[in-house]
Amino acid sequence: MSKEFRFDTKAIHGTDFKRNPENALNPPIFQTTTFVFEDLDHVEKVMSFESQDYVYTRGNNPTLRLFENRLAELEYGKGAVAFSSGMAAITSVLFSRLQPKDTVITHKTLYGSSYNVITNILPKYGVNYKIVDLTDIEELEKSIDESVKVVYFETPSNPNLSIIDIEKVVKISHEKGIKVVVDNTFATPYFQNPLLLGADVVVHSATKYIGGHGDALGGVAVSKDEKYIHYLKFDYMCEFGGVMSPFNAWLMLRGIKTLGLRMRQHEKNAMEVAKFLNSHPKVKNVMYPGLENFKGHEIAKKQMRGFGAIISFEIEGGTKNLEKFIKGLKLCQLAVSLGDTETLVEVPSLMTHRGYPKEKLEEFGFSENMVRISVGLEDYNDIIEDLEEAIKKI
Ligand SMILES: Cc1ncc(COP(=O)(O)O)c(C=O)c1O
């Protein structure tokens, strides 16, 4: 099929319209570790990559390939690699692009484990890092030297929704031969396509919106560079062993079918919740890219097709009130993770971002008492009523 379908259609059908075995509507789960060769001639063809046939599920598997192709299509890449988790994707991409004495530049806020990898783990292998406010392009320009090989960031960033101008970062980085890697977990390919804005690699925690139901871990890296995808798959994913299971690939493919539908409703709910929080006298510092007074709103409008469904905010009155508020929630669940059908609430300084130095949180752009909410797919009136009841408890 040569017709270019729209997002929702591609998410359900893909673009190649290949029939599944036995004409099944849904693909089977190829629950196998290994694949049988015809003879040694077949072995030679497959091992030398002359044939696309399969060897061993740690390297490839038909269910994983379907998931990888679907993500490559939705992110406008030429190929993708599926991983066992978002962190497996992120660490493999960073290790594949960095060597001792290289430097990686990252933004002030990013997911706690990614921050830990960049500031604690990579330095053990001789890789240096610089933390830069990437919303300030001049600061990026000033911090580049010959050792910088990768600029890595999330936009919107976790947990304070910083919006980083992807095109501007790409322009400056590419002039110096630096690769740009974007974690697109919060936006999903439905709202943003970093590869179309020039990024070299896109990574996702597929555990979040892509799977969408809080029941499967997964990660993926997508690029327009087929050679790089081959290298990432066989030198890093396959050798580090962080492969996605066939069952999880199948769950992800099922989740992707409703990605557009879910994201539209997530965003609608989030906008209502953000407006409610923003107008509540006991709530301050509401961070949501869809709010017109939010710092990154104009850039978000330019590079995204929607604002997502993660909101951060503070409750007036410090830790004591925060504790009462959290205790007062009934519908919204206190849990890490995001992008599920259920509304999840967490306190980053105590949970996902515990590794950030406490005394420096404000410098990084968030506070000890900040709350992050992943607005789910319940009726938004019920979510708002739950938040309202909990705020009454303070
Ligand atoms: C923005 C972002 N990137 C990556 C990850 C890591 O993903 P995973 O838990 O699938 O390893 C997370 C997890 O919360 C995240 O929020």
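Note that ligands are numbered from 1 as they come in the structure, with each ligand's atoms numbered from 1 the same way. The chain is numbered in sequence order, starting from 1.
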Quick check: does [X] get an N/O under 3.5 Å from an N/O on ligand 1?
| X | answer |
| --- | --- |
| Lys208 | yes |
| Leu338 | no |
| Asn158 | yes |

Looking only at atom types and distance, does a side-chain atom of Lys327 sit under 3.5 Å from a main-chain N or O of Lys393, one as donor and one as acceptor? no

Relative to the heavy atoms of [X], which atoms of ligand 1 are at a distance of less than 4.0 Å?
| X | result |
| --- | --- |
| Ser205 | 4 (C), 5 (C), 6 (C), 7 (O), 8 (P), 10 (O) |
| Gly86 | 7 (O), 8 (P), 10 (O), 11 (O) |
| Gly218 | 10 (O) |
| Ile90 | 4 (C) |
| Asp183 | 1 (C), 2 (C), 3 (N), 4 (C) |

Residue set satisfying side chain to side chain donor-acceptor pair (under 3.5 Å) with Asn158, at least two apart, ordered chain then number -> Arg372

Exercise. So, Glu346 and Thr352: side-chain donor and acceptor under 3.5 Å apart, yes or no?
Worked result: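 Checked: Glu346/Thr352 side chains pair up, N/O donor to acceptor below 3.5 Å.
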
Query - Proximity flag His204 to ligand 1, non-hydrogen atoms under 4.0 Å - result: no

In short, ring pair (Phe, Tyr, Trp, His ring centres under 6.0 Å) pairs touching residues 57-109 with sequence neighbours left out are Phe95-Tyr125, Phe95-Phe240

| said: Exactly one of Leu344, Leu338, Ile311 should register a side chain to side chain contact (heavy atoms under 4.5 Å, CB included) with Val375. Which one does? | reply: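 That would be Ile311.
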
